[in-house]
Number of protein chains: 2
Amino acid sequence: MGFGETFKALSNPARREILTLLKGGKLSAGEIAARFPLTGATVSHHLGVLKQAGLVFETREKNYVYYQLNASVLEEVLLWVADLKGENPNEKL
Amino acid sequence: MGFGETFKALSNPARREILTLLKGGKLSAGEIAARFPLTGATVSHHLGVLKQAGLVFETREKNYVYYQLNASVLEEVLLWVADLKGENPNEKL
DNA sequence: AATCTATTTAGAAGTTTTTCTAAATAGATG
DNA sequence: CATCTATTTAGAAAAACTTCTAAATAGATT
C-alpha cells in the first residue's frame, strides 16, 4: 500500500478522529457518520481513503458495513517512524 | 504544534525523503536540494513545512542553514500511533 | 415484488497543495 | 563597498483534496 497513501490518510483530522473512535471496537459507517458534523457521503469518502490506505478493513453484516482498525498497518507506520528516529528495533516491544 | 500539521508534513513523499536523508545527520538546505529533482525554492518550501511541523529544526552557520531531525516530535508521533494501535505504553522502550 | 434502510458513487464548487520562475534578503568575500 | 553565494519569499498555474447534494446500489423487510 505504501507509506504515501497511509500518511496522506492520517493527515486529515476527520480521518484521525475516525481511527480514534475505532479504538473502541468496530462501528458501522452510519454509527461513525452520526458522530461527525459531516454528511454520510463525506464520511463514506473518508472511510474509503482509510481502507485504501490499509488503516481499516470492513466486514459486512446485514445491511451494515462495519469498519475496524488494521493493527498490522499501524505497526508498519510505527516502525517507519521508529526507524527515522534512529531507534534500535529491539528497544520497542 | 498539533498532529494535524505533523501528519500533513509527513504526507508528502519529498518531505519524507528529506527526513530520511537527515537520518545521516544535519545537512544544509543546498545539500538537501541537490539530491532532489526540484528547485531550491520548492525544497525550501518543504523544509519550512517540516520545520513548522516541528519535525526538523535549523541551525545557522556561515552562509548556510543546516537542518536536522527533531527526535522529540518523532517520539510524539510514535506514541500517538502506538496508542491508536492499543499498545501498552510499557511495551515500548 | 415493492419499498425501506444503509451505504456508496457521481459530479461540482471551493480550498489547499505543489511546483515553478523571478525577485528579494542576508551573510561572506574580494 | 561591490558582489557573490545560499536561501527564502512572492506570485501564479496546475493538480489534488474536502465537502456538498442528488442519484444509484444493494441488501432486508413487508
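In this text the structure is predicted, and so the values were computed from the model without any measurement. All chains are named by letter (A, B, ...) in the order of the sequence lines, taking the proteins before the strands, and each is independently numbered beginning at 1.
Counting any heavy atom pair closer than 4.0 Å across all strands shown, B/Tyr67 reaches sugar-phosphate atoms only and no base atom. Using a 4.0 Å heavy-atom cutoff across all strands shown, A/Ala14 reaches no nucleic acid atom at all. Looking at heavy-atom distances under 4.0 Å, B/Ala29 makes contact with sugar-phosphate atoms alone, never a base. Heavy atoms of A/Gly30 sit under 4.0 angstrom from primed sugar atoms or phosphate atoms, though from no base atom.
Cluster membership for A/Phe57 and A/Leu50, using ILVMFWY side-chain heavy atoms within less than 4.5 angstrom, is not shared. Cluster membership check: A/Leu74 shares its hydrophobic cluster with B/Phe3, using side-chain heavy-atom separations under 4.5 Å among Ile, Leu, Val, Met, Phe, Trp and Tyr. No chain of hydrophobic side-chain contacts below 4.5 Å, direct or via other Ile, Leu, Val, Met, Phe, Trp or Tyr residues, connects B/Val49 to B/Tyr67.
Here D/dA28 presents its C1' atom at 5 Å from CG of A/Asn63, a figure rounded to the nearest Å. When the P atom of D/dA6 is taken as reference, atom CD of B/Glu61 falls 15 Å away, rounded to whole Å. Atom P of nucleotide D/dA15 and atom CG of B/Asn12 are separated by 17 Å, given to the nearest angstrom. For the pair A/Ile18 CD1 and D/dT18 P, the computed distance is 11 Å after rounding to whole Å. If you take CG of A/Leu27 and P of C/dT7, they are 11 Å apart, rounded to a whole angstrom. Residue B/Tyr66 contributes atom OH, which lies 16 Å from atom P of D/dT5 at whole-angstrom precision. When rounded to the nearest whole Å, the span between CZ of A/Arg60 and C1' of D/dG27 equals 10 Å. As rounded to whole Å, 14 Å separates atom C1' of D/dG11 from atom NE2 of B/His45.
A sub-4.0 Å separation between OP1 or OP2 of D/dT7 and a side-chain N or O of B/Ser28 is present. Between B/Thr39 and the phosphate of C/dT19, there is no side-chain N or O to OP1/OP2 separation shorter than 4.0 Å. Side-chain nitrogen and oxygen atoms of B/His46 include none within less than 4.0 Å of the OP1 or OP2 phosphate oxygen of C/dT17. When the side-chain nitrogen and oxygen atoms of B/Lys62 are compared with OP1 and OP2 of D/dA6, none of them lie within a distance under 4.0 Å. Look at A/Thr42 and you won't find any side-chain N or O under 4.0 angstrom from OP1 or OP2 of D/dT19.
Nearest nucleotide to the side chain of B/Ala41, out of C/dT18, C/dT21, C/dT9: C/dT21.
Comparing B/Gly40 and B/Val49, the nucleotide of DNA chain C nearest to each residue sits closer to the 5' end for B/Val49.
Here the options are A/Ile18, A/Leu19, A/Asn70, the test is side chain to side chain contact (heavy atoms under 4.5 Å, CB included), and the partner is A/Leu55; only A/Leu19 passes.
Nearest heavy atom pair, residue B/Ala33 against residue B/Gly40, reads CB-CA, 4.3 Å.
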